[in-house]
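Side chains included, hydrogens not; waters and symmetry mates left out as well; all remaining heavy atoms used. Position 1 is the first residue of the sequence, and the numbers go up from there.
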Amino acid sequence: MKRFLKYGDDTTSVGNTSKKSKTQPNRKYDLNYLKFGFVIKPETENSENPIPLCVICKETLSNQSMKPSLLKRHQQTKHPETENKPIEFFQRKTEFFKKESNCMTHFTNTDSKYLKASYLASFRIVKDGKPHTVGETLILPAAKDMVQTVLGEKAAKELDKIPLSNNSVKRRIDTMASNIEEILVIKLKMCSNFSLQVDESTDITNMAQLLVFIRYDFENVLNEEYLFCKSLESNTNAENIFKIIDDYLSTIGLPWKKCVGICTDGAQAMCGKLTGLVSRVQKVAPYCKSTHCAIHREALASKNMPDQLSSVLKCAVKVINFIKARALNSRLFKVLCEEMGGQFNTLLFHTELNTLNMGLQGINITIFTTYDKINSFKRKLDLYKSQLKKKDISAFPNLSSFIDENELCLKEDLNADILEHLEALKTNFSKYFSEDYSNKNWIRNPFLYESSDNEVPDDVEDKESFIDMVSDSSMKDAFKDKTLVSFWMSIKKEYPSLFKQALQCLTPFVTTYLCESGFSELLYLKNNEIHTVINNIWTPDITFNFPIHKNFDKNKKGQMSKFKFNWLLRWRWLAYCEKEDGAFCKLYVAFSKSEGGINGQKLGALVINKFDNWKHVIETFTKHDKLNYHIKSGIDTDNFLKTRNNPSISIKNQLDTARSKQVNENRINILPIIEVIILCGRQELAIRGHRDFGPDKRNTYISSTSQNAIIDCCNTVILNKIVAKINKAKCFTVLADVTADVSGIEQVSLCAKYVDVDELVVREDFLQFVPINDLTGRGLATLIIENSTALGIELKYLRGPGVRWAHILNLAVSKSCTIQPIRNCLGTIGKTRDFFVYPKQKNILSQAIEDFNGTINAKTLKRNCATRWIERFHSVHDFIELLECVIDSLDTNSSWADGDTSSQANNLKNSILQSLESLSYHF
């Protein structure tokens, strides 16, 4: 009880006894403690009392706990999976922890909450692509209005302390961007291979932009990340592009030798045989393979069309362009359609998008994905040709419906033109997609070669490791449960040579989709920026007091003058800058060109410098109106505003509409599949057949991946409903039980008991299974709290753990047996099962079961559960069935050279033989 009593600082007294407190020495940190996952807490590095901090869970211990035994115990109990990790693993975790700590040091001062709010607001601004000025012009005033209305004026004044000025938002964004880049660089330095996706385009201001994405492996995942976007100041040739990429990779310390692929759009500057970007990269990256974007190749292959078909398409395009070119034409067309009762009243611009083109777009596209889609399209072309030869046009629904509605028939010459076009398409696709990846089928599915009848492919470099892998049944199970990329990532340590060869095939990009999407986003951001400069730029009020200037003439005689407000009304392109106290041309600022003026016109005042010589305003502004680059900027402004004010002509808007339509169709098609999966799940029926991905090659959404995704969605919906009912009840208990699954992993079954206030019934609902390593009371309590919180259950309504009376009854039944031989027999069965848990002994028993001549239903010994009587019965029943195999296996183990194992096997054998009579009597 003494440890619960509170005493003075210098003495400890109980009754008349007093003792002086014993001072323990401060412990120092040792670098060897990193192997346990501990570093010094940053705030205590220079302290005499350093505090150890775990880089895995961020938990801190006391200074007196800085002992190897205590640190190792923390690792074994909290993070047993890291016990055999190399020191580089903890060094990487330490580096990530320091980066995160540096990023959050901005929030540790007295105004941390206001600074954090500034960062959060800045993050939303940059995420939505809004101008930096929106923070203090829109977000902060709107927030103050809402807070003042709800909480009062005093609370609203607190928001004035949040820094959201233009410069503040820019600094926040720069800081976050720098931190993201630093973390990306750390990941890139640890990757095995990487590939690049490179493209160059010109933005709305005629500035050439180079955009680069990178794909790399990190922690068993293949990631695709934005690398950088830089402007090309002069020529867009291969030399300049390579120099920019090479300089950046040198700056971040990423060697070219890790580059295994580069994907481009196939332009001359990119793919030139002698001086192109690809040839320059391959000189410094010997393992790099070049890929021409599959989307660009598809567009080239489908470009040509017979004259009779192309003339109809060209005529339709001209009609659409004529109607969409003028607002009046579009309005008249809409009125005409409404008067005629048409289903639609607007037109879309023609695009080259099709099902194949859309299928090649997206992230994580590999060569196998492209290869499958192209081959599928070729086979469809053969199908269409065979149908057309039979006068069957069902493959073309629009044409078929038009002919049926108008009671027409397909003309022979039109049928011939379509056949000619299909044949030309197949020829072009065979030309542009001539690669043959059949020699890489072992990467797509290595277990096609598990049979001894199939020889190991010649393309495999390490054939012995390949045989070992395909002969491992656990690897085959892992291949079924994982995606192709994640499977090869998971064998990195066990089969490094196969991993390396497969990664070199899976890492390269196949399309430049990410670059094209990036340019679309860049165009969107630039459009917003230009629109802000043109229409939303700050304009002084008519009552604004402009500063007075003293201008000097050639005779150094001064004259007082200032900016006049009516100049802004006379010259619409004019903008006044209060900070610079000068005038600028906002049109050229918005559409500035890197090369300067046109026809050698020198750029100066109003463009790159402020104009403040108010004495010569009339002549200067009039002259500026006639300059070529000013006129060109005005035309660019008009075109920009027309496009922005009529978003229906935007390709992005057309894609969004098509995507929305596709999403709705997919939802309708997938509903019956969801209903079938729910039905099979309730009836405990297997969903898949003998193949994981359905009976045919069509995308029927019945693969194991799709099924698991649907089941996960159902689980989320059900859990959300249960959690909502629990929180609404405001009173519940947690029911938890621990058992080992078939793989030997301890699983906790979490359930909740509560009152359903809507139906006024007591419910016990299952929540989830959770693996557990720490079986102590503390570990179980931590698991229940963490998982309940993660599910959204409010723990303040928890009224304690529930009691399973059935378990108590089972324990009572289990312990009620007083016959000593039977109790000893059950103990022997449990020890025998534990003996055969180890892999070597388990393999001996498995071989004995396989070699047994009789019929055996049981394949392994079951765990002798202390709380479930029926499981104990099955455990004894299976033991009796496998008794002969167990005895033979113990005989084999008794002859091993390992003294402990052989001795234990011999003792178990004798105990079993002595218990045979008891088993026969009892059963």
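Using modelled atom types, one side-chain atom of T44 and one backbone atom of I51 make a donor-acceptor pair closer than 3.5 Å. Distance alone, capped at 3.5 Å, is enough to place a donor-acceptor pair between the N787 side chain and the L783 backbone. Judged purely by atom type and a 3.5 angstrom limit, E225 has no side-chain atom pairing as donor or acceptor with the backbone of L184. Judged by distance alone, with hydrogens and angles left aside, the side-chain atoms of E764 form no donor-acceptor pair with the main-chain N or O of C751 at under 3.5 Å. Side-chain N or O atoms of N179 include none that pairs as donor or acceptor with a backbone N or O of T175 at under 3.5 Å. Without hydrogens or angle criteria, K730 side chain to N727 main chain gives no donor-acceptor distance under 3.5 Å. Side-chain atoms of T782 come within 3.5 Å of backbone N or O of R778 as a donor-acceptor pair. Looking only at distances, no side-chain donor or acceptor of D128 sits under 3.5 Å from a matching main-chain atom of K130. Between the side chain of S118 and the backbone N or O of P163 there is at least one donor-acceptor pair closer than 3.5 Å.
Less than 6.0 angstrom separates the ring centroid of F621 from the ring centroid of F611. Between F732 and Y797, the ring center distance fails the sub-6.0 Å criterion.
Rounded to the nearest 0.5 angstrom, L798 CG and S788 OG are separated by 7.5 Å. Interatomic distance, H616 NE2 to T622 OG1, rounded to the nearest 0.5 Å: 13.5 Å. Summarising the geometry, atom CG belonging to L164 is positioned 6.5 Å from atom CD1 belonging to I125; distances are rounded to the nearest 0.5 Å. Here the straight-line distance linking atom OH of Y754 with atom CD1 of I722 works out to 6.0 Å at 0.5 Å rounding. How far NZ of K753 is from SG of C731: 11.0 Å, rounded to the nearest 0.5 Å.
Here the closest heavy-atom approach between residue I162 and residue A117 is recorded as CD1-CB, 3.9 Å. When all heavy atoms of C515 and D199 are compared, the pair lying nearest together is CB-CB, 3.6 Å. Of all heavy-atom pairs spanning P52 and P50, the tightest one is CD-O, 4.0 Å.
Donor-acceptor pairing under 3.5 Å is lacking for the side chains of Q197 and Y513.
At most 12 heavy atoms of other shown residues, nucleotides or ligands fall within 6.0 angstrom of atom CZ in R124. With a 6.0 Å radius and a threshold of 12 heavy atoms from other residues, nucleotides or ligands, F565 has its CZ atom above the threshold.
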For residues 141-157, which side-chain N or O atoms pair as donor and acceptor with protein atoms under 3.5 Å away, sequence neighbours left out?
from, atom 1, to, atom 2, distance (Å)
K144, NZ, D160, OD1, 2.8
T149, OG1, D145, O, 2.7

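Within the 4.5 Å cutoff, the side chain of V755 has no heavy atoms near those of the R763 side chain. With contacts defined as side-chain heavy-atom distances shorter than 4.5 Å, the pair R171/M176 does not qualify.
Ring geometry for H624 versus W573: interplanar angle of 30 to 60°, hence tilted. The aromatic rings of F546 and F544 sit perpendicular, their planes meeting at an angle over 60°, well past the 30° parallel limit. Between F563 and W614, the ring planes lie perpendicular to each other; the angle is over 60°, past the 30° to 60° tilted range.
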### Task
Starting from the C-alpha separation in whole Å, work towards a yes-or-no answer on side-chain contact (heavy atoms from CB on, under 4.5 Å) for W567 and R570.
CA-CA 5 Å; W567 294 341; R570 180 176 178 181; 5.6 Å; no

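Here K230 pairs with nothing under the side-chain hydrogen bond (donor to acceptor under 3.5 Å, both in side chains) rule; sequence neighbours left out. Looking at residues two or more places apart in sequence or on another chain, you find a ring-ring contact (aromatic ring centres under 6.0 Å, His included) between Y226 and F213.
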